[in-house]
Amino acid sequence: VFHSGDGRWLVVVRRDGTEARDHEVSVFRTEDLARVRRIGGVEPCAALSPDGKALALMPRSGTRIEFQDPLDGRVLASWEAGMAVGELAFSKDGALLFGRRYDGREVVAWRVEDGRRRGQKAMGEGVGVIAVGPDGAWLASAGAGQTIELNRVPTLESGRVLRGHEDGIHALDFSPDGRWLAYARRDATATTDVWVVPAVGGVAVNVTRYPGYNGAPQWTRDGSHLLFVSTRDTPVGPTTPALYGLRLLPAPPDEDERGS
C-alpha cells in the first residue's frame, strides 16, 4: 500500500490467484477511495512517481519494467531490468528507480530515463523491503537479518546500520521528517505488530500490541498519524483486515540512544 507524492492516488498491490508471483495492482482516488484502475498479471511490485504521472511495474514472469499512465494504462516507457523484481521505489525527485531482486539478494538503483544502473548492492542475508527517506539521501532496507540498513543514494554504499531487531521485517516506512522508521514484523506467537524506531538508532517501540495481524504501516503526509492494516475488531471474521490510524507525536530521539 502506498500513495502518490501529491496525495491524490492510493495504490494497493495484492495477490491475485494461487501463484506466489501472480499479483494485481489497483489505483484508488484518495478523496473517496474509488478504484479507478486495476492491472492484473503483474509481479508483486509497483511504484508511483512523485508527481503521480507514472506507475512503474513488471509484467508477470518478465524482467522488463514498464512505466504506465496510472489512469489510462498507456505505456510511457519501458526497459530491461535484467532480473525479476520483488519491490520498487522511486527516488524523491523521480529520477531514480530502486528495485529489490525477487530473491532479496540484491538492491539496484536505475536511472529512470534509460534504465542504466547508478548503484547496486549485494545483500547476503536477503532483503524483504525497501524505503526511500524523505530527503532522498538514504534508502533503508530490511528483511531476513536482525538489522535495518541505511544506504547512501544513488551509489547504495553502506551508511548506517540499526541493530537489535528481530528477523522477518516485511514492511518499512520513513516518517515525513525522516526521524522515525515504522516497520512490521511477525513474532514467535504468529502475531504481527508495528514497531517504531529512531532513524538514527535506538530502542524500537511496539505501537500496536494486539493479537493477530497488524501491518503495512504508512505515515500520513503530516507525520501526525501512522496508518496500518489490522484484523482487530472486524465484524465479518478474524481474517478480514481493516485500515486503522494511530496518532503518534513522538519526541525527538534522545542523544544517548543514537547508534550506528
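- Across every non-hydrogen atom of V203 and P198, the tightest pair is O-CD, 3.7 Å.
- Sorted by first then second residue, the salt bridge (Lys or Arg N to Asp or Glu O under 4.0 Å) pairs that include residues 195-208, not counting sequence neighbours, number zero.
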Exercise. Could you go step by step and tell me if D177 and R179 meet the salt bridge (Lys or Arg N to Asp or Glu O under 4.0 Å) rule?
Worked result: CA-CA 6 Å; D177 61 9; R179 294 188 303 159; 2.8 Å; yes
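- The side-chain heavy atoms of V108 and R101, taken from C-beta on, include no pair separated by under 4.5 Å.
- Between the side chain of W79 and the backbone N or O of V112, at least one donor-acceptor pair lies under 3.5 Å.
- Taken to the nearest 0.5 Å, the CD1 atom of I169 stands 4.0 Å off from the CD1 atom of I148.
- K53 NZ: 12 or fewer foreign heavy atoms inside a 6.0 Å radius.
- Going from atom CZ of R111 over to atom CZ of R116 covers 5.0 Å, rounded to the nearest 0.5 Å.
- Contact check for S91 versus F98: side-chain heavy atoms found under the 4.5 Å cut-off.
- Inter-residue side-chain proximity for L246 and V194 is flagged as unmet; no heavy-atom pair is nearer than 4.5 Å.
- Not one N or O on the side chain of D193 forms a donor-acceptor pair closer than 3.5 Å with the backbone of N214.
- Note that CZ of F228 is 10.5 Å distant from OH of Y210, once rounded to the nearest 0.5 Å.
- The backbone N or O of R185 sits nowhere less than 3.5 Å from a side-chain atom of W195 that would complete a donor-acceptor pair.
- Closest approach of P211 to T191, counting heavy atoms only: CA-OG1, 3.9 Å.
- Here the closest heavy-atom approach between residue A47 and residue L97 is recorded as CB-CD1, 4.4 Å.
- The line from CG of L76 to CD of E66 is 10.0 Å long, rounded to the nearest 0.5 Å.
- Counting heavy-atom neighbours within 6.0 Å of R118 CZ, excluding the residue itself, gives a total of 12 or less.
- Evaluation of the side chain to side chain contact (heavy atoms under 4.5 Å, CB included) rule for E149 yields K121, M123, S141, N151, S158, V161 as partners, not counting sequence neighbours.
- Inter-residue side-chain proximity for I65 and W110 is flagged as met; some heavy-atom pair is nearer than 4.5 Å.
- Considering only heavy atoms from C-beta on, S230 stays 4.5 Å or farther from T208 through its side chain.
- Contact detail for A199 and G178: the closest heavy-atom pair is CB-O, 3.4 Å.
- Under the 4.5 Å side-chain criterion, counting only non-hydrogen atoms from C-beta, L181 is in contact with L162.
- The minimum heavy-atom distance linking G99 with V85 is given by the pair CA-CG1, 4.2 Å.
- Taking W138 as the reference, nothing meets the ring pair (Phe, Tyr, Trp, His ring centres under 6.0 Å) condition, with sequence neighbours excluded.
- Side-chain N or O atoms of S175 include none that pairs as donor or acceptor with a backbone N or O of G223 at under 3.5 Å.
- Note that CZ of R37 is 15.0 Å distant from CZ of R29, once rounded to the nearest 0.5 Å.
- Residue V132 comes nearest to L139 through the heavy atom pair CG2-CD1, 3.7 Å, listed as atom of the first residue, atom of the second, then distance.
- For T220 (side chain) and H225 (main-chain N/O), a donor-acceptor pair under 3.5 Å exists by modelled atom type.
- Note on D72 versus R74: salt bridge recorded, some NZ/NE/NH1/NH2 to OD/OE distance being below 4.0 Å.
- Annotation: the span from Q68 atom CD to L55 atom CG amounts to 6.5 Å, rounded to 0.5 Å.
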